[in-house]
Amino acid sequence: MDLLNQLFFITYLTTIIILRYRSIRKKSGGNSYHRHLVRELTLRRMVFNGDLECLENTRMDRHSFHRLCDMLKTTGRLSATRNMNVEEMVAMFLHIIAHDVKNRVIKRQFARSGETISRQFNKVLNSIIRLYDDLLEKPEPVPEDSTASVWKWFKNCLGALDGTYIKVNVLAEDRPRYRTRKNEIATNVLGVCTQDLKFIYVLTGWEGSVADSRVLRNAIFRTNGLKVPKGFYYLCDAGYTNGERFLAPYRTERYHLNEWTEGHQPNTPREFFNMKHCLARNVIERCFGLLKGRWAILRTKSFYPVKIQYRIITACCLLHNHIRREMPIDPLENELSEVTSGQGLDGDVIRYVETSDIWSTWKDDLAKEMFNKWRGARH
């Protein structure tokens, strides 16, 4: 009788354990299904419901989004995990940099842990950086027969360059080096762009206290830095040296656009040169304006480690180029105020920037030629 009671008790206890285990598994499976459903609905709402929604959340239409995912899978070596596909990774990354969204918000939207979001963010970031050579634009010089009102004066010009400040978060002991003239903690980023607002070269990593000319010198000296073949040049502002292959305006003459919009007409070759130079060089200002307007993470101080912030800046420039290549119309460009209504290049490259009589004479001759053509066309 005692043996039967013991067998009954063991059977009863085993049954209770099995039922409890099944209950836990069922409950856990239900939660997992719920999280999966939340992620699917969030991804569909952000990307797949239509181009307008995709544009608002990722700054690109669905075609550009899928094209980017394909490039990241092949060239960028980005692969899906057991619980997350590439499309979800890329959508999260783009939404974070487009709207400067914090991890806790993404956690709630995608039902993911903060550690998972951080890990996948860095994976996508590294994959985008691997597209550096593919997404940077190859420079094309202004042809001799150019009829563009802004660029026809600058034959063989490759584009324009300038520096911009982007706020960063650094350690207290490093802040003096990053403090700009406006007393902001920022990094000085060199950007070089084409005539159609695509980045040719980007250099990050310099402190905000460093002069633009020093950043440019460093870009030229780097092994994989900025290359300027002989016979070609970039437009730059008066903060840079007017040296061979870098054409700066005359410092003692009118230059800024608002000085020409009040009805003033150039009276000398130097004034006319500065007016046309300013109109053409403004392309880099518009390029930076599009970049910061598109990616909100560049408009405020980020709390990522500073080295990660440098990579984010580079990734934003690469994605800017991708959008301008893939989308026939850049909707953000229409929101900016308009300031105006190929083949690889071979040859010796410059390794330093310094003034020279030959370059200054060429600049003076170009200014006279431009002024004479403009005055002749008026009469």
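The chain is numbered in sequence order, starting from 1.
The shortest heavy-atom contact between Val142 and Gln195 is CG2-NE2, 3.1 Å. Here the shortest heavy-atom pairing between Met71 and Leu135 reads CE-CD2, 3.6 Å. For Leu190 against Ala219, the heavy-atom pair with the smallest separation is CD2-CB, 3.7 Å.
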side-chain contact (heavy atoms from CB on, under 4.5 Å) between Ser209 and Tyr178, intermediate numbers included: CA-CA 5 Å; Ser209 61; Tyr178 284 86; over 6 Å; no

Arg179 vs Asn183, side chain to side chain donor-acceptor pair (under 3.5 Å): CA-CA, chis, key distance, verdict: CA-CA 6 Å; Arg179 196 174 300 280; Asn183 205 33; 3.2 Å; yes

From CA spacing to verdict: side chain to side chain donor-acceptor pair (under 3.5 Å), Asn218, Arg222: CA-CA 6 Å; Asn218 178 256; Arg222 286 173 175 256; 2.7 Å; yes

Verdict with reasoning, Glu53 to Val47, per side-chain contact (heavy atoms from CB on, under 4.5 Å): CA-CA 6 Å; Glu53 290 82 358; Val47 178; over 6 Å; no

Derivation of the side chain to side chain donor-acceptor pair (under 3.5 Å) call for Asp196 and Thr194: CA-CA 5 Å; Asp196 58 349; Thr194 62; 2.3 Å; yes

Ser64 vs Asp61, side chain to side chain donor-acceptor pair (under 3.5 Å): CA-CA, chis, key distance, verdict: CA-CA 5 Å; Ser64 304; Asp61 58 20; 2.7 Å; yes

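Counting only N and O atoms by type, the side chains of Ser79 and Lys123 include no donor and acceptor under 3.5 Å apart. Under the 3.5 Å distance criterion, with hydrogens and angles disregarded, no donor-acceptor pair is assigned to the side chains of Arg270 and Asn274. At a cut-off of 3.5 Å, with distance as the only test, no side-chain donor of Arg112 or Asn83 sits close to an acceptor on the other residue. The closest side-chain donor-acceptor pair between Ser302 and Asn169, if any, does not fall under 3.5 angstrom.
Taking the side chain as every heavy atom from C-beta outward, Arg214 and Arg217 approach each other to under 4.5 Å. Between Trp295 and Ile312, every side-chain heavy-atom pair lies at or beyond the 4.5 Å cut-off. The side-chain heavy atoms of Arg294 and Asp330, taken from C-beta on, include a pair separated by under 4.5 Å. Two residues are said to be in side-chain contact when any heavy atoms from C-beta on lie closer than 4.5 Å; Lys276 and Val150 fail this criterion. Side chains of Tyr304 and Ile297 form a contact here, defined as non-hydrogen atoms less than 4.5 Å apart. Looking at Met327 and Leu55, their side chains come closer than 4.5 Å, going by heavy atoms from C-beta outward. Side-chain atoms of Phe288 and Leu197, non-hydrogen and from C-beta on, never get closer than 4.5 Å to each other. In this structure the side chain of Pro249 never reaches within 4.5 angstrom of the side chain of Leu235, judged on heavy atoms.
Ile166 and Val306 fall into different hydrophobic clusters, where Ile, Leu, Val, Met, Phe, Trp and Tyr are joined by side-chain heavy atoms under 4.5 Å apart, directly or via other members. Hydrophobic clustering (ILVMFWY, side-chain heavy atoms < 4.5 Å, transitive): Ile97 and Phe303 are in distinct clusters. In the hydrophobic clustering of ILVMFWY residues, with side-chain heavy atoms under 4.5 Å counting as a link, Tyr201 and Trp206 come out together.
With hydrogens and angles ignored, the 3.5 Å screen pairs no side-chain donor or acceptor of Asn188 with any backbone N or O of Tyr165. When atom types are taken as modelled, the side chain of Ser118 and the backbone of Gly114 share no donor-acceptor pair closer than 3.5 angstrom. Although no hydrogens or angles enter the test, the distance criterion places a donor-acceptor pair under 3.5 Å between the side chain of Arg299 and the main chain of Lys292. Formation of a donor-acceptor pair under 3.5 Å by the Arg245 side chain with backbone atoms of Tyr233 is not found in this model.
Aromatic rings of Phe272 and Trp153 (six-membered ring for Trp) have centroids within the 6.0 Å cut-off, being under it. Between Phe121 and Phe93, the ring centre distance stays below 6.0 Å.
More than 12 heavy-atom neighbours from other residues, nucleotides or ligands sit within 6.0 angstrom of NZ on Lys152. Within 6.0 Å of NZ in Lys368 there are 12 or fewer heavy atoms belonging to other residues, nucleotides or ligands. A 6.0 Å sphere centred on CZ of Arg119 holds more than 12 heavy atoms belonging to other residues, nucleotides or ligands.
Using the six-membered ring where Trp is involved, His95 and His99 have ring planes that are tilted, between 30° and 60° apart. Phe273 and Phe154 have perpendicular rings, their planes meeting at more than 60° on a 0 to 90° scale where under 30° would count as parallel.
Among Gln120, Arg35, Met46, Met84, the one residue that satisfies the side-chain contact (heavy atoms from CB on, under 4.5 Å) test with Phe110 is Met46. If you run side-chain contact (heavy atoms from CB on, under 4.5 Å) between Tyr234 and each of Ile284, Leu226, Leu247, only Leu226 comes through.
Seen from the ring of Tyr250, Lys363 counts as a face-on cation partner, given the 6.0 Å and 45° thresholds.
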